[in-house]
Amino acid sequence: MRELVAAKLGVDRGLGQRAELGVRCPLVLALAFLAACGGANPAPETTPAAAAPARAPGRAHGGAVRADAVVTGRPIVPADWQFSDKVAPVTAAHAMVVSAHPLASQVGRDILRGGGNAIDAAVAVGFALTVVLPEAGNIGGGGFIVYRDATGRVRALDYRETAPGHAAHDMYLDSSGHLTEASLTGHLASGVPGSVAGLYEAWKTYGRLPWPKLVAPAITLAEGHVLDAYRSRSIEAEAERLAQFPASRRQFLVNGHAPPAGTMFRQPDLARTLRLIADSGPDVFYRGQIADSIVAEMQRGHGLITKNDLKGYRAKWRTPIQTTYRGYTIYSMPPSSSGGVTMAEILNIMEGFDTLPAFGSAHYLHLEAEAMRRAFMDRNRWLGDPDFVRMPLERLLSKSYAAELRAQILPDRATPTPPFQASEGWGEDEGTETTHYSIVDADGNAASITTTLNGGFGSAVTVQGAGFLLNNEMDDFTGAPGQPNQYGLIQGEANAIAPKKRMLSAMTPSIVLDRNGNLFMVVGTPGGPTIINSVYEVIVNVIDHKMTLADAVAAPRINQQALPDVIFLERGGLTPATLDSLKAMGYKLQERGRQGDVQAIQQTAAGWVGVADPRHGGGASGY
Ligand code: GLY
């Protein structure tokens, strides 16, 4: 029985073997195995020092990186892990769209089926998410696209918000030097929105269908769509903040509360705004009638964004971060996002371990947490807007630097992050406020897009008469070096506020190629700084732990971000034995509800597999 199940799981293989696509290590089966061998709490892990197996887990290689890591042991996941049987992967022969809302994914699929390409679908889904996912989908925020065309050319588009021209280094500090709430809620929290410029730039460069046709589905949805339970709950969670601003109250609340699930949700102001954008493109947003509405809103609430700020906004093409991991190639977002650099550092550190402890074991989590810690220390120190700061990217991305960092990792002890200033961490249930979508079209063009208002519903300010929310992206700057932002991130001067500067992001839209250079995965997630670690975790779950994409996405996640010096973990995702072992190694642990909302696509022998994260209400749609 044990051998039979282990063979089916494909987790106990010898050197260099890879399971066939589609039959790899289903978590559900793994759980069945654990249950069969002792139930939800397998035998406690011995202390790290005593646990050394014949092949020392985490052993670093001395020479060339071998293709596959050897994973010692079977996955350790509690039998009642809440998401293991909740994934509904979708397989399609030609094309796939996965986003955080099923209606938006259907919009993208229809565009693809109607002759549009991946960028056409990216534009249409982006506008649709503005309507159906108001907590994160946006035209009042910004985002990033990593795009690989079918010929193999990869480019990155940065449409991150910029600080207004009148922004100042200490604008969020009170007279005692403490951060105020002004970077989170209200008019001062907003950077100059980049989404409309970014989507238009992508379309102008690569789009095939007429622009108005791509905005049209969003207009229809804004005229009325049925609100689902997820979105009703997310509005309710922010009802108090939304209620502070008249246009937000009118648009999202009924008697101070979210409309219940099943309500026909109508947003006539937003439909009118989208019609203007369909007819006139970004000009109307950055110079015309919508710009006037934004500036009037700023004047009403003492915000900073001016007509000149809007006129001056530009989306920018950038060279993607490219790295390799055990023969796979990974493309991700360069600064002004920290995502690509930080994830590459983590991957480079982990790549040097030619044997890996089992998924979910304390030894494995220890190695990951230490790799994450070191990469985040560099992130917080060095990274910022490339137009404003010089960054040692070549060194940060090099395998030799990763080897230096790897050599610092102790076999069985946490190494505390050097103090900056103590921080208490942050909220309970994290992960919905940004949103990611992944697209592959019938020609094999792939787009990986993450977009955000920053916090849920951004600044909570809806532009009066225009029906869309403004971001609170200014909180992603270092408001005060050494003091935590809403994500508990403690950052340095490289990311300090300056007029027209882009605030550092953690968004990590990524594309993975297999060892033959073929498109393999398109992946990304929301989640503030946890974004980087969640994307890393899904990628290595597939590559190292041979999980199907569905299991890789459902698997429990952790986050270590240097400061606060804790491992955040999803409640119920680790066994008591693993938790005890981590504590014995010196880790402080903090449980939270859910981490991230991954939307991913994988190429398999059966076609494109699309997986929407079961943690929230997304959907995959293909043909
Ligand atoms: N606002 C979240 C991020 O850009 O990382």
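The model shown is predicted, which means the values in this text are computed figures rather than measured ones. Whatever order the structure lists ligands and atoms in, that order sets their numbers, starting from 1.
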Side-chain ion pair, Arg314 and Asp158, N-O less than 4.0 Å: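 So Arg314 does not pair with Asp158 through a salt bridge.
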Charged N to carboxylate O below 4.0 Å: is that the case for Arg160 and Glu473?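 Yes, this pair counts.
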Option nearest atom 3 (C) of ligand 1 (shortest heavy-atom distance, choices Asp476, Asn471, Asn472):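 Looking at heavy atoms only, the winner is Asp476.
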Thr434 side chain to Gly527 main-chain N or O, any donor-acceptor pair under 3.5 Å?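 Flag not set: sc Thr434 to bb Gly527 has no pair under 3.5 Å.
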Taking only heavy atoms of Arg160, which atoms of ligand 1 are found under 4.0 Å from at least one of them?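 Listed by number with element, the hits are 4 (O).
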Relative to the heavy atoms of Asn454, which atoms of ligand 1 are at a distance of less than 4.0 Å?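 It comes down to these atoms of ligand 1: 1 (N), 2 (C).
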Please determine whether the number of non-hydrogen atoms from other residues, nucleotides or ligands lying under 6.0 Å from atom CD of Glu181 exceeds 12.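 No, not enclosed.
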Please list all pairs passing the side chain to side chain donor-acceptor pair (under 3.5 Å) test where one or both residues lie in residues 162-173, with sequence neighbours left out.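 Residue pairs with at least one partner in residues 162-173: His169-Glu493.
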Examine Ala506 against ligand 1 and note whether any of their N/O atoms are separated by less than 3.5 Å.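 Between Ala506 and ligand 1, an N or O pair is found under 3.5 Å apart.
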Can you check whether Thr434 has an N/O within less than 3.5 Å of an N/O in ligand 1?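 N/O-N/O distance under 3.5 Å: no.
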May I ask you to identify the nearest protein heavy atom to atom 4 (O) of ligand 1, giving residue, atom name and distance to one decimal place in Å?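 Result: Ser505 OG, 2.7 Å.
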